Colleague: 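The structure follows.
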2 protein chains.
Amino acid sequence: MPRAYHHGNLRRTLLDAAVALFAERGAFDFTLRELARAAGVTHNAPYRHFAGKAELLEALRSEGFVALAAAAQASLSAAGDDPRKRVRALGDAYLRFAIDEPHRFRLMLHNPLGNADDPVVGQGNALSILKDTLEEARRAGVVRQDLSARELALAAWALVHGLSSLMVAGQIPADDARVRRYGKLLETTFFEGIARR
Amino acid sequence: MPRAYHHGNLRRTLLDAAVALFAERGAFDFTLRELARAAGVTHNAPYRHFAGKAELLEALRSEGFVALAAAAQASLSAAGDDPRKRVRALGDAYLRFAIDEPHRFRLMLHNPLGNADDPVVGQGNALSILKDTLEEARRAGVVRQDLSARELALAAWALVHGLSSLMVAGQIPADDARVRRYGKLLETTFFEGIARR
DNA sequence: CAAGCGATGTGGACAGTGTCAACATGGGTC
DNA sequence: GACCCATGTTGACACTGTCCACATCGCTTG
């Protein structure tokens, strides 16, 4: 049946079409008009919902951060009580997210608006979950006390984000075996360090 | 004076114009025709040197990896003999490279060709320099022996690459003070680990 | 319950893009 | 000194993002 003149929920449809196109080909190179076509709508309809292509991308990016935080929270909830396992669970969630949805992950990382403070990153996000978890670990006395939770979180973030990025960028193969092996390697590095005892 | 019909060294000029445009604005969004204009040449001349835009980008990317390896080598040469200082020097070089030339760094990381093995990354590059340096440290007995030099290198790479990426993406501010502070933080994390002793 | 207004979608236009094909030019090679 | 091939030019095409004026509808208000 023919679509009504008013689509009903075009905004959502466009965003979904965008992720679908992301997944189909391998990059951000989709086009606004393609999206419109996929949604069965003229090339100009998207402009009623987004000021331009950049704003649409920003919306996708923002949704990505929310999804990441949700994944982190879920993984954490299933991780039990051991502080170290909880930290590990967060790292795994991050890495899994990146590998499962490389296009979205790449988009999220690609902040075209320079480095102005980004409210998406600032609050209620995966980073603050990580910080809280490390604060727990710190209070539980299993990690060193001379670094703040914020510093610990930053180091952990850098570590797991680095591996994720390198894998997503294809610099390191991302097969299952390697993901498991390197995950463990990072855990060891992070907690024990590499210096000889 | 008017350029001769044959430019002489258009390929080089185009690549230079590309980095210049990279630096000027903040992104990869330059256009082939712009490059041609900047080089004082018609919009189709670039096609005599590159099959298309993708190939030009690939050339830039490749040059970036060479420059990075050179920077790493230089930093290493000035680092003295202490194995730990040498590792740290490599990390600093990487981070500095990323922050000084964020556009190039971003481009290098953005591998649009999926994850096929990339000869640029495979040999004579910064990664193998890092591996060699960690192998030295391992032989010198200052780092743990139960991990291979390759594993150690991978962990170090992930750590410093993570911080670099996050800073370049604007997720973490990249002022001088922070760069120094976080560099030290990563060094501590990497060598000592965060677990309580 | 009708009128009308604002939100949503349409159609056309414009400058600019990447790329292709045919043609022009001239420097290095026999 | 003539020729050939690499290099640069001109013209064209389909396509893009975005602007504008217009069409259509559903919700609100009287």
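Computed from heavy atoms alone, side chains included, the values below leave out hydrogens, waters and symmetry copies. In this text the structure is predicted, and so the values were computed from the model without any measurement.
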Colleague: Report yes or no: does B/S77 contribute a side-chain atom to a donor-acceptor pair with the main-chain N or O of B/Q73 at less than 3.5 Å?
Modeller: yes
Colleague: Take the protein atom CG of A/L35 and the nucleotide atom P of C/dG9, then report the distance between them rounded to whole Å.
Modeller: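 A/L35 atom CG is separated from C/dG9 atom P by 14 Å.
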Colleague: Can you tell me if B/R104 uses its side chain to pair, donor with acceptor, with the backbone of B/F97 under 3.5 Å?
Modeller: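 Answer holds: no.
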Colleague: If we ignore hydrogens and angles and just use 3.5 Å, is the side chain of B/R138 paired with the main-chain N or O of B/Q145 as donor and acceptor?
Modeller: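 Such a contact is found between B/R138 side chain and B/Q145 backbone.
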Colleague: Please report, rounded to the nearest Å, how far the C1' atom of C/dT17 is from the CG atom of B/L56.
Modeller: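 The answer, rounded to whole Å, is 15 Å.
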Colleague: Round to the nearest Å and state the distance from A/F50 atom CZ to C/dT8 atom C1'.
Modeller: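 A/F50 atom CZ is separated from C/dT8 atom C1' by 14 Å.
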Colleague: Determine the minimum heavy-atom distance between A/L127 and A/A153, stating which atoms define it.
Modeller: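 Taking A/L127 first and A/A153 second, the nearest heavy atoms are CD1-CB, 4.5 Å.
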Colleague: More 5' along DNA chain D: A/R48 or B/P46, using each one's nearest nucleotide?
Modeller: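 It is B/P46, whose closest nucleotide lies nearer the 5' terminus.
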Colleague: Report each atom pair, protein N/O against N/O of nucleotides 16-19 of chain D, whose distance is under 3.5 angstrom.
Modeller:
from	atom 1	to	atom 2	distance (Å)
D/dT16	OP2	A/R37	NH2	2.9
D/dT16	O3'	A/T31	OG1	3.1
D/dG17	OP1	A/T31	OG1	3.3
D/dG17	OP1	A/L32	N	2.8
D/dG17	OP2	A/T31	OG1	2.8
D/dG17	OP2	A/L32	N	3.3
D/dG17	OP2	A/R33	N	3.3
D/dG17	N7	A/R33	NH1	2.3
D/dG17	O6	A/R33	NH1	3.1
D/dT18	OP2	A/Y47	OH	2.8
D/dT18	OP2	A/K53	N	3.0
D/dT18	O5'	A/Y47	OH	3.2
D/dT18	O4	A/R33	NH1	3.1
D/dC19	N4	A/N44	OD1	3.0
D/dC19	N4	A/N44	ND2	2.3

Colleague: With distance as the sole test, does B/R106 use its side chain to make a donor-acceptor pair with the main-chain N or O of B/V168 at under 3.5 Å?
Modeller: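 Pair found, side chain donor or acceptor close to backbone of B/V168.
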Colleague: Can you tell me the distance, in whole Å, between the NE2 atom of B/H49 and the P atom of D/dT9?
Modeller: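 Answer to the nearest Å: 10 Å.
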Colleague: For residues 88-99 of chain B, pull every pair meeting side chain to side chain donor-acceptor pair (under 3.5 Å), keeping only residues two or more places apart or in separate chains.
Modeller: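 Residue pairs passing side chain to side chain donor-acceptor pair (under 3.5 Å), neighbours aside: B/R88-B/D92, B/R88-B/E187, B/Y94-B/W157, B/Y94-B/H161.
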Colleague: Expressed as a whole number of angstroms, how long is the span from A/D29:CG to C/dG18:C1'?
Modeller: 13 Å
